[in-house]
Amino acid sequence: MKSQNRSYPLRTVCEVLGLHRSSYYFCTSPRKSGRFQCENRQLEREIKRIYHAQKGIYGAPKIYAELKRMNALPFVYSLKRIQRIMRRLGLR
């Protein structure tokens, strides 16, 4: 649709495809990161910091215990969430 937007007016393209213009603008507008994504970025930083401070020895349960002991993050997180983030980051 973006490629045709330059050749034809947006109104015409939307009519041919049977879409509302508001749907086009919703799909093409940049969105802010959600709360969950922001929390995950904070968790990633803390996990990396603890993991590298312990020279890669700590796994998810020990990192979870360390985060709980420090009480550094103002939101709720679980062991499974830390495991999922560590898996995505490739930390073992």
Side-chain angles (χ1 to χ4, degrees):
M1 189 162 165
K2 276 188 175 183
S3 62
Q4 296 302 321
N5 191 16
R6 294 184 179 143
S7 303
Y8 302 100
L10 181 61
R11 172 183 257 168
T12 306
V13 174
C14 288
E15 284 176 8
V16 169
L17 295 175
L19 297 172
H20 295 283
R21 279 185 288 163
S22 61
S23 299
Y24 168 79
Y25 289 120
F26 178 78
C27 290
T28 58
S29 67
R31 293 182 189 85
K32 296 188 297 185
S33 295
R35 178 182 59 87
F36 194 71
Q37 290 172 335
C38 292
E39 289 176 0
N40 279 347
R41 279 196 299 270
Q42 279 184 295
L43 255 176
E44 284 177 12
R45 282 193 300 268
E46 288 298 316
I47 289 169
K48 285 180 187 177
R49 186 185 61 73
I50 293 170
Y51 183 82
H52 293 299
Q54 299 301 325
K55 299 179 174 86
I57 295 172
Y58 275 17
K62 286 187 178 180
I63 290 176
Y64 176 74
E66 183 71 17
L67 286 170
K68 286 292 185 187
R69 186 186 66 76
M70 291 178 356
N71 200 16
L73 299 171
F75 51 86
V76 178
Y77 48 89
S78 65
L79 176 60
K80 288 285 191 183
R81 188 172 177 185
I82 291 173
Q83 290 171 338
R84 190 171 44 248
I85 291 171
M86 286 184 70
R87 191 176 314 118
R88 189 176 66 233
L89 294 173
L91 302 177
R92 295 179 162 234

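Worth knowing before you read on, the calculation uses all heavy atoms, side chains too, and leaves out hydrogens, waters and symmetry mates.
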Chemist: Distance check, rounded to the nearest 0.5 Å: Asn40 atom CG versus Arg45 atom CZ?
Modeler: 11.0 Å

Chemist: Sort and list the pairs that fulfil side chain to side chain donor-acceptor pair (under 3.5 Å) and have at least one residue in residues 61-73, not counting sequence neighbours.
Modeler: Glu66-Arg69

Chemist: I need the Ile82 CD1 to Leu67 CG distance, nearest 0.5 Å.
Modeler: 5.0 Å

Chemist: Under a single-linkage definition using a 4.5 Å side-chain heavy-atom cutoff for Ile, Leu, Val, Met, Phe, Trp and Tyr, are Leu17 and Tyr8 assigned to the same hydrophobic cluster?
Modeler: yes

Chemist: If Ile, Leu, Val, Met, Phe, Trp and Tyr residues are connected whenever their side-chain heavy atoms lie under 4.5 Å apart, and connections chain through other members, are Leu89 and Tyr51 in the same group?
Modeler: yes

Chemist: For the hydrophobic clusters of this structure (ILVMFWY residues joined by side-chain heavy atoms under 4.5 Å, transitively), does one cluster hold both Phe26 and Tyr24?
Modeler: no

Chemist: Where do Tyr58 and Met86 come nearest, in terms of heavy atoms and distance?
Modeler: O-CE, 4.2 Å

Chemist: Check side-chain hydrogen bond (donor to acceptor under 3.5 Å, both in side chains) between Arg84 and all other residues, then give those that pass, not counting sequence neighbours.
Modeler: none

Chemist: For residues Gln42 and Phe75, report the shortest heavy-atom separation together with the two atoms involved.
Modeler: OE1-CE2, 3.1 Å

Chemist: Nearest 0.5 Å please: distance from the CD1 atom of Ile63 over to the CG atom of Leu79.
Modeler: 10.0 Å

Chemist: Is Arg35 salt-bridged to Glu39, going by a charged N under 4.0 Å from an acidic O?
Modeler: yes

Chemist: Do other residues, nucleotides or ligands put more than 12 heavy atoms under 6.0 Å from Arg92 CZ?
Modeler: no

Chemist: Using a strict 4.0 Å threshold on nitrogen-to-oxygen distance, state whether Arg41 and Glu44 make a salt bridge.
Modeler: no

Chemist: Looking only at heavy atoms, what is the nearest atom pair of Val76 and Arg81, with distance?
Modeler: O-NH1, 3.1 Å

Chemist: Are Ile85 and Met70 joined in one hydrophobic group, where the rule is that I, L, V, M, F, W and Y side chains link up if heavy atoms are under 4.5 Å apart?
Modeler: yes

Chemist: May I ask whether Leu19 and Val13 are part of the same hydrophobic cluster, defined by side-chain heavy atoms of I, L, V, M, F, W, Y residues being less than 4.5 angstrom apart, directly or through others?
Modeler: yes

